[in-house]
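All values reported here derive from a predicted model rather than from experimental measurement.
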Amino acid sequence: MSVSELQRERAAYRRSRARRSTAVALVSTLVFAVAAYLAVTRAPGWPRVRDSFFDPATAWRALPAVLDGLWLNLRVLFVCGTVILVLALGVAALRTLRGAVWFPLRLLATAYVDLFRGVPLIITLYLVGFGLPALRLTGVPNDYVVLGGVALVLTYTAYVAEVFRAGIESVHPSQVAAARSLGLGHRKTMRLVVLPQAVRRVTPALLNDFVALQKDCGLISVLGAVDAVRAAQIEQAASYNFTPYVVAGLLFVLLAVPSARLADAAARRAAHRQGAR
Amino acid sequence: MTTPVLSVRGLVKRYQQRTVLDGVDLDVREHEVVVLIGSSGSGKSTLLRCVNLLEELDDGQVVLDGTDVSDPRADPDAARRRMGIVFQAFNLFPHMTVLDNITLAPREVHGTPRAAAERTARELLSRMGLAAHAADYPDRLSGGQQQRVAIARALAYSPRLLLLDEVTSALDPELVGEVLALVRELAAQGMTILMATHEMGFARQVADRVCFLDGGRLIEEGPPDQVFGTPRHERTRQFLRRITEAGRL
């Protein structure tokens, strides 16, 4: 393909601009990193902080126990995540029901969402974790992992239900009209036309909540479940060194990064789709 | 005379204080093509939506094949199964392929097995020259193609009555022709059609009867040559004059 002299000259100019901005970004990152490093390491308390938070030997010793705990976090994450998705979709669907018969269910769903979105997660954890077993009802589990999971599900279902509801309400009424005009009832309209579109639209927001759930799984440690955070605490208590917490924190970050990138990609795809229409 | 396919009696529709339809009476007989004309806001679309029971009536009846389907005790879904409606903005389901859009109602509402539903859908698509697009998603198609798919979707379960709500108004001028040609073909095959349109030339050619709506009232109806040629009502004359001046006739 032949390119005009004008276009060649413009392309060269654009390339030189691109090279320049890359160079500027590189230099400014370097300057910032050096400044941050100097500011931290020249702080008067740095040697003590380094020894009690960034001690490689302690980190290495704590790693197996913390990893063990993280495995528990992961299992809690996936079980809770699945349960939350299903329940939240149900709650969101309840809130969109019309008709007098459904009034109590609608009211219940609304009250539930208002309550558990308002209560701090840690209080729900304490109430469910310590209050529920204290009732001594038969059939109530007394395993702190299960109880912690229940508290997470209660709180997160309320949030995710609202995300789903926003998605449901974002589907244009003309889609419902089109489905109803074909003779589809309310339920089939919901299941076949509204929900598939709603879920696609809220996927980025759902992934964002997933990342939040990922780290909030660490809160089940307050009930005594030996997860990554609790394991780090045990190691810390044995060595009087806080490095295990840093190890646990880093592991949580490592866990969150892929999910965060996935969320970004989903958001980009959604934006692209919207732009394409 | 046999019972009309559709019979609208004393239809009233209000939005808050505004009366959009003010006592409309209208019959559509089998194989008849009835065209609704009138300026924007005259109630054409509302009338079609009321007939499809997408709006709750404030008074009057919609009678389909002799049964009052607007009765709150009647099942609106059962009535809608016998009607197809095509909207101005197509309203195709964006998350489904063309084929799934068309086969949705036959499969989910009429209990047609998927294979049979798809066979019918493919026949409809090839009649419309869209056979190659069966697996495409709607946003890959042009407006005219989307609207033809929407018509196929409404025809897929062989409705008694086809309602067309300004099906060419959202199209680029060069795409209007392909959709009108399809409607003309359906009319020639004997489909019973009630349509709202701004395409006066088309209305004149295809309609068996033209109804002029003004301010929610049906103030003039008759054969197209009479309504367009020798309109009796002053409002009709004004409307047609405006249309002629805009170069649409």
ask   = Is the count of non-hydrogen atoms from other residues, nucleotides or ligands lying under 6.0 Å from B/Glu56 atom CD greater than 12?
value = no
task = Below 4.5 Å from any heavy atom of chain A, which atoms of B/Leu92 appear? Answer side chain, backbone, both or neither.
result = backbone
query = Are B/Arg9 and B/Ser7 linked by a side-chain donor-acceptor pair shorter than 3.5 Å?
reply = yes
ask   = In terms of heavy-atom proximity below 4.5 Å to chain A, should B/Met83 be classed as side chain, backbone, both, or neither?
value = backbone
key: Donor-acceptor pair, side chain of A/Arg95 and main chain of A/Ala109, under 3.5 angstrom   = no
message = Are there over 12 heavy-atom neighbours, none belonging to B/Tyr15, within less than 6.0 Å of that residue's OH?
response = yes
message = Taking side chain as everything from C-beta outward and backbone as N, CA, C, O, which of these in B/Phe87 sits under 4.5 Å from a heavy atom of chain A? Side chain, backbone, both or neither.
response = side chain
task = Could you check which of B/Met96, B/Arg49, B/Glu108 has the highest count of heavy-atom pairs closer than 4.5 Å to chain A?
result = B/Glu108
inquiry  = Taking side chain as everything from C-beta outward and backbone as N, CA, C, O, which of these in B/Arg82 sits under 4.5 Å from a heavy atom of chain A? Side chain, backbone, both or neither.
reply    = neither
ask   = Does a donor on one side chain sit under 3.5 Å from an acceptor on the other, for A/Ser174 and A/His172?
value = yes
